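Bear in mind that the values here come from a model prediction, so they are computed numbers and not experimental data. In each ligand, atom 1 is the first atom listed, and ligand 1 is the first ligand listed.
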Amino acid sequence: MRSIVVTGCAGFIGSHLSEKLLQLGYKVIGIDNFDPFYPKKTKEENLSGFIHNSSFTFHELDLRIDSSLDCIEDHIDLVVHLAGKAGVRPSIEDPQGYIDSNISATRNVLDFMRKKGIKKFAFASSSSIYGNNKEVPFSETHNVDRAISPYAFSKKSCEVLNHSYHHLYDLDIINMRFFTVFGPRQRPDLAIHKFLKLMQNDQEIPMFGDGTMARDYTYVSDTVEGVVKSCKYLFEHENVFETINLGNSYPILLSEMIDIIAKKAKCEPQINHLPMQAGDVDQTYADISRAKALIGYNPKVKFEEGIERFVAWFNNK
Ligand SMILES: NC(=O)c1ccc[n+]([C@@H]2O[C@H](COP(=O)([O-])OP(=O)(O)OC[C@H]3O[C@@H](n4cnc5c(N)ncnc54)[C@H](O)[C@@H]3O)[C@@H](O)[C@H]2O)c1
């Protein structure tokens with residue numbers, strides 16, 4: 001049975017991924033420090049469906065602490081590194097926090113792998129690193145040197161750091177650039193989750209900009225499928241250093257997104273029009289041809305269907 005470390009296993013994507021890997025018959029070693037960005041209780045609920053699975057082991061560890069992983073004695077075949085501080089806007093308030101939890105923590109994970117001789121690494125990068133790139137769809141060949149937030153800077157730095165460990169220590173690595181992931185257990189700070197809650201409480205929705213901001217929303221099972229396929233690719237190949245977009249390649253305008261949530265939740269949205277916020281990009285739009293060709297990535301869930309599933313989950317929680 002192959003063993004995979006999932007960092008950030010108590011988070012939104014990490015909990016779905018851990019569940020999927022367990023279903024597929026992998027042994028999963030989960031790491032999380034319950035970062036207070038959102039409540040520990042929510043993260044414990046995320047873990048509740050699989051924490052007692054005999055193929056799952058949980059370690060509450062803070063990856064910012066040097067050598068924190070050294071207590072793990074299990075054999076490990078691959079590391080999926082999802083842990084970190086997510087979110088663009090909070091990174092502007094706390095850039096050092098993002099440097100610590102994203103860049104230093106990633107260095108710590110890479111050094112643990114180097115010391116233990118673990119060769120396979122799948123890393124959660126982000127569409128944010130494309131900044132205000134005007135050329136769409138975003139391709140992995142586009143320049144990503146113009147970060148417009150500390151969050152984007154931290155992810156770009158990790159991709160570069162990853163390359164140095166690939167070069168120096170022969171680590172096989174895939175940088176997976178996720179595009180606004182949504183679905184059950186979505187982080188409460190993200191727009192879809194926040195907006196649905198506001199609508200259901202008859203409160204105003206803050207709409208930043210004129211509604212034409214667009215996001216390439218990706219349903220969480222499609223993102224997870226992309227991560228699983230990245231792991232399989234890493235297991236089957238040597239000398240890998242790849243970067244792929246895991247998006248949906250179908251941008252949705254902010255105004256459309258609000259309308260669709262309102263329709264599925266049967267609510268009447270009240271909009272509070274506000275100026276664009278610093279650090280927000282105008283649009284994200286993934287070219288996914290590289291991911292299709294490399295790992296056979298093929299996102300399936302349409303935005304409306306995903307929102308319907310999200311609303312159903314939200315109403316039953
Ligand atoms: N959700 C998205 O739309 C999206 C888009 C692009 C990239 N990403 C990236 O994907 C990854 C997962 O995102 P998510 O939405 O599931 O976020 P999340 O906040 O739900 O999950 C991240 C988890 O990492 C843990 N963590 C944070 N710092 C840690 C540390 N120092 N040590 C150990 N654990 C730590 C947190 O407690 C949390 O449970 C993140 O790296 C994020 O930047 C997410």
Relative to Tyr38, does Lys43 satisfy both conditions: NZ or CZ under 6.0 angstrom from the six-membered ring centre, and within 45 degrees of the ring's axis? yes

Side chain, backbone, both or neither: the part of Ala105 lying under 4.0 Å from ligand 1 by heavy atom: neither

Would you confirm whether the ring centroid of Tyr219 sits within less than 6.0 angstrom of the ring centroid of Phe303? no

Polar atom proximity, Leu63 to ligand 1 (N or O, under 3.5 Å): yes

If you scan protein heavy atoms around atom 25 (C) of ligand 1, the nearest is Asp32 OD1, 3.4 Å

Applying a strict 4.0 Å limit to heavy atoms, is Phe34 in contact with ligand 1? yes

Give me the nearest non-hydrogen protein atom to atom 13 (O) of ligand 1 as residue plus atom name, then the distance to 0.1 Å. Ile13 CD1, 3.8 Å

Suppose we measure from atom 5 (C) of ligand 1 to each protein heavy atom; which comes out shortest, and what is that distance? Phe178 CB, 3.8 Å

Fit a plane to each ring of Phe138 and Phe179, take the angle between them on a 0 to 90° scale, and name the class: parallel (under 30°), tilted (30 to 60°) or perpendicular (over 60°). tilted

Among protein heavy atoms, which sits nearest to atom 1 (N) of ligand 1, and what does the distance come to when rounded to 0.1 Å? Arg187 NH1, 3.4 Å

Which atoms of ligand 1 have any heavy atom of Val181 under 4.0 Å away? 1 (N), 2 (C), 3 (O)

Just jot down the ligand 1 atoms closer than 4.0 angstrom to any heavy atom of Ala86, in number order. 42 (C), 43 (O)

Ligand 1 versus Gln186, non-hydrogen atoms closer than 4.0 Å: side chain, backbone, both, neither? neither

Starting from atom 29 (C) of ligand 1, find the nearest protein heavy-atom neighbour and note its residue, name and distance. Asn33 OD1, 3.2 Å

On a heavy-atom basis, I'd like to know which of Gly14, Ser125, Gly84 is closest to atom 22 (C) of ligand 1. Gly84

Under the 6.0 Å and 45° cation-pi test, does Arg114 pair with Tyr169? yes

Geometric cation-pi criterion, Arg215 with Phe182: 6.0 Å, 45°: no

Identify, for atom 31 (N) of ligand 1, the protein heavy atom at the shortest distance, and state residue, atom and that distance. Asp62 OD1, 2.9 Å

If we only count N/O pairs under 3.5 Å, is Tyr151 in contact with ligand 1? yes

Candidate with minimal heavy-atom separation from atom 33 (C) of ligand 1, of Asp100, Ile31, Val220, Leu61: Leu61

May I ask you to establish whether Arg2 and Phe235 are in a cation-pi arrangement, using a distance under 6.0 Å from NZ or CZ to the six-membered ring centre and at most 45° from the ring axis? yes

Is there a polar contact between ligand 1 and Ala83, counting only N or O atoms under 3.5 Å apart? no

Just by modelled atom types, is the Ala124 backbone N or O under 3.5 Å from a matching donor or acceptor in the Lys155 side chain? yes

Is the Phe314-His193 ring centre distance short of 6.0 angstrom? yes

Hey, is Arg177 one of the residues with a heavy atom under 4.0 angstrom from ligand 1? no

Counting from 1 in the order shown, the ligand 1 atoms closer than 4.0 Å to a non-hydrogen atom of Ala10 are 39 (O)

Ring centers of Phe58, Phe34 separated by less than 6.0 Å: yes

So which protein heavy atom does atom 20 (O) of ligand 1 come closest to, and at what separation? Tyr38 OH, 2.5 Å

Parallel under 30°, tilted from 30 to 60°, perpendicular over 60°: which one fits the rings of Tyr233 and His237? parallel

Contact with ligand 1 for Ser15, non-hydrogen, under 4.0 angstrom: no

Please write down residue, atom name and distance for the protein heavy atom closest to atom 11 (C) of ligand 1. Leu82 O, 3.1 Å

